[in-house]
A.B. asks: 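Dumping the structure here so I can ask a few things about it.
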Number of protein chains: 2
Amino acid sequence: MKFEAVTIKDIAKALGLSTSTVSRALRDSYEISPETKKVVLEYAEKINYHPNPIALSLKERRSRSIGVIVSEIANSFFSQAIDGIESIAYKNGYNVIISQSRESFDRESIHLQYLTSRSIDGLIISVAAETKDFSHFKELHERGMPLVFFDRIINEIDTYKVIVDNYQGAYDATRYLIENGFKRIAALANNEILSITRDRLAGYKAALTDHGIKTDDSFIKYCEHGGLRLEEVEQAVTELVSAETRPDAILALGDKLTTGSLRILKAKKIEVPGDIGLIGFSNSETSELIEPPLSIIKQPAFEMGEIATDLLIQLIESKRPVTSFETKKLAPQIIIRESAKNKNKSMLNVEF
Amino acid sequence: MKFEAVTIKDIAKALGLSTSTVSRALRDSYEISPETKKVVLEYAEKINYHPNPIALSLKERRSRSIGVIVSEIANSFFSQAIDGIESIAYKNGYNVIISQSRESFDRESIHLQYLTSRSIDGLIISVAAETKDFSHFKELHERGMPLVFFDRIINEIDTYKVIVDNYQGAYDATRYLIENGFKRIAALANNEILSITRDRLAGYKAALTDHGIKTDDSFIKYCEHGGLRLEEVEQAVTELVSAETRPDAILALGDKLTTGSLRILKAKKIEVPGDIGLIGFSNSETSELIEPPLSIIKQPAFEMGEIATDLLIQLIESKRPVTSFETKKLAPQIIIRESAKNKNKSMLNVEF
DNA sequence: TTTTTTTACGCAATCGTTCCCGGTAACCCC
DNA sequence: GGGGTTACCGGGAACGATTGCGTAAAAAAA
């Protein structure tokens, strides 16, 4: 099976010209006479010539492709972000190679290795939950590979980063719960090492403190793989609801944790928000259709992907080394629905 | 910003050998002495040499990358399928370039053009809803580009195809509705030209006929963009529920159509399944959490992606032209939940 | 008309790798 | 010791495109 492409040589031979002349004619060089250009252009059009991007990559030492590593494609947040990445990349003539870490450090390392050996021009990364050692990223960064982190970032590496205001999102969600009568608010977090975990928990704790509620460490549960495995969510939720003092609300700090905990609560026949209120980070397209309609903290995923890609391309195409980087922080959107409605008032809403 | 890679020349120079010798040593050629091999291998390891895939691509006239065109990444079915595609591609040393048609013919053509000009080795496609003219695919196919269709296929093009048994899925779902007391079953379909629309509608009609129900064409509504735009779903559903004889159940023949129609029904305060039963094709991860829990016909998306990629790679790597193609037809999974439960019995289940 | 300049093109190197074609030793056989 | 193997390695073309440099012919200036 082969797919023969026409080359510049074919044109040169057919027209009795040299390849250099053809090349220059195609690039509209001033050194070529208008007549020759016309002939070449018309013939190229006729035989449907397209420059071989691989030959160009070899010559220019750039592949015009960028790598992306996320934990999981089939996750609304990431698929929306990839959507944004693709759109900008495409506009700029880059293509995108996607890999999934599935929250595993090993898979992340392997993909990183693979992508860089495929000679990509830059990399957009959301770190895996398992990853505690950042040296592979650091080394790459030091060797000059353009890098942009989004969502889950690495503070120690100085480059562009794109995140939402995780602190504020968690703070506002927690405050909402407090102001609506919830008092014993538990947090269901991702892996402790992740930037998003730290920031979101900080917001959660600050909101509690600001409202005179003592933070209780037994109310904070961590899921090593961010809820990618339902068992870890089950264990965390089970521990929470079977404690002596059971929380009356859960703040879930990740997409999979939000739907996962609802899944578990339903399985345990625990009413939401009657028995336990629920609000969480989520970009699910169907959050409003869910029973009860989910209260969510939503990230502008598409936009984050766009911005990250814009920054990466800037980095790739800049003539001189970039030394001053910034962290773009976007505002999350909080959407309140039934799952976090006022405990007492909500009794009135139940349809008897 | 540059990312300098070590080449075979660097090794040759450092070791006082020729590039050919180094190349052969790295490929473990019999023409190279064990000692030389050892020296080369060790040095290559030491300076972290990796062959430049672009140079290889140029030499071998293959890029080891495959293109994928789907309507939308942020759609559970496709993201799960891509997941399967990536996994097989990665195992075989291919990378995957993904584009979205967003159901638009123009975007599909442009992406097709772009992908082929990027010298990909093969293509996996699920046709856009808008596409009625297949000549761009045909031409590509005739020029020898390995092609595999999945989900939405083109019958006129003779190549590998991977689908579910759409006829059977729709038939069984319709039969379930009939056997559970629903009599006036409407179908909400994708664009009329799509293979999945034809097959699913055929199954729907056959089930009706087999159970002595006359098919009513006014009960079949088409959405030109497969529900990608909620307005078209709204219009279709509105037409259905405002007809003189309103259907008592809807069979939605696409992912977006299923959640879309539920969205509209909810907005219209129409009870599901009390007023109207609902079952539909869907691969949503949260279908069980939805209110009411959704009855779905689920496609083995991941597996479909895997199979399609396997077939494509076979096609790419086969020495002689392949002339005999098959269509892999997988079984869909029907999951019955509240949204399609027996009209009369379901009254008993409502919690008062 | 001769010299200089301009115009328009070709030659060849280059990117990193593979591979065909040679070439030179060392060794063996008669 | 001449011829034939064998083992090992290098030169250079090729993949498709770009580009610096050289140069012929044509045009302009002297």
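Throughout, protein chains are lettered first and strands after them, A, B, ... in sequence-line order, and every chain is numbered starting at 1.
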A.B. asks: Is the distance from OP1 or OP2 of C:dG16 to the nearest side-chain N or O of A:Arg61 less than 4.0 Å?
C.D. replies: yes
A.B. asks: Taking DNA chain C as the partner, which of residues 43-60 of chain A come within under 4.0 angstrom of it by heavy atom?
C.D. replies: A:Leu58, A:Lys59
A.B. asks: Rounded to the nearest angstrom, tell me the gap between atom CD1 in A:Ile11 and atom P in D:dA17.
C.D. replies: 8 Å
A.B. asks: Would you call B:Asp151 and B:Lys161 a salt bridge, taking side-chain N to carboxylate O under 4.0 Å as the test?
C.D. replies: no
A.B. asks: Using the rule side-chain contact (heavy atoms from CB on, under 4.5 Å), only one of B:Leu15, B:Thr21, B:Val22 pairs with B:Ser18; which is it?
C.D. replies: B:Thr21
A.B. asks: Please determine if A:Lys38 and A:Glu42 form a salt bridge, counting it only when a charged side-chain N lies under 4.0 Å from a carboxylate O.
C.D. replies: yes
A.B. asks: Should A:Glu303 and A:Lys328 count as an ion pair when the cut-off is N to O under 4.0 Å?
C.D. replies: no
A.B. asks: Indicate the ring-plane relationship of A:Tyr90 and B:His111, choosing parallel, tilted or perpendicular according to the 30° and 60° boundaries.
C.D. replies: tilted
A.B. asks: Which pairs, protein N/O on one side and nucleotides 8-12 of chain C N/O on the other, fall under 3.5 Å?
C.D. replies:
residue : atom : partner : partner atom : Å
C:dC9   : OP1  : A:Thr36 : OG1          : 2.5
C:dC9   : OP2  : A:Ser33 : N            : 2.9
C:dC9   : OP2  : A:Ser33 : OG           : 3.2
C:dC9   : OP2  : A:Thr36 : OG1          : 3.2
C:dC9   : N4   : A:Glu31 : OE2          : 3.0
C:dG10  : OP1  : A:Ser18 : N            : 3.2
C:dG10  : OP2  : A:Ser18 : N            : 2.9
C:dG10  : OP2  : A:Ser18 : OG           : 2.7
C:dG10  : OP2  : A:Thr21 : OG1          : 2.0
C:dG10  : O6   : A:Arg24 : NH2          : 2.9
C:dC11  : N4   : A:Ser20 : OG           : 2.9

A.B. asks: With sugar-phosphate meaning primed atoms plus P, OP1 and OP2, does A:Ser23 contact a base, only sugar-phosphate, or nothing at under 4.0 Å between heavy atoms?
C.D. replies: base
A.B. asks: Any side-chain to backbone donor/acceptor pair from B:Ser57 onto B:Arg62? Under 3.5 Å, distance only.
C.D. replies: yes
A.B. asks: So among A:Glu108, A:Met145, A:Glu142, which one has a side-chain contact (heavy atoms from CB on, under 4.5 Å) with A:Phe137?
C.D. replies: A:Glu108
A.B. asks: For ring-ring contact (aromatic ring centres under 6.0 Å, His included), just list the numbers for B:Tyr114 and A:His50, CA-CA rounded to whole Å, side-chain angles, deciding distance to a tenth of an Å, and then say yes or no.
C.D. replies: CA-CA 10 Å; B:Tyr114 177 76; A:His50 288 281; over 10 Å; no
A.B. asks: Measure from the side-chain heavy atoms of A:Arg27 and tell me the nearest of D:dT19, D:dC15, C:dT17.
C.D. replies: D:dT19
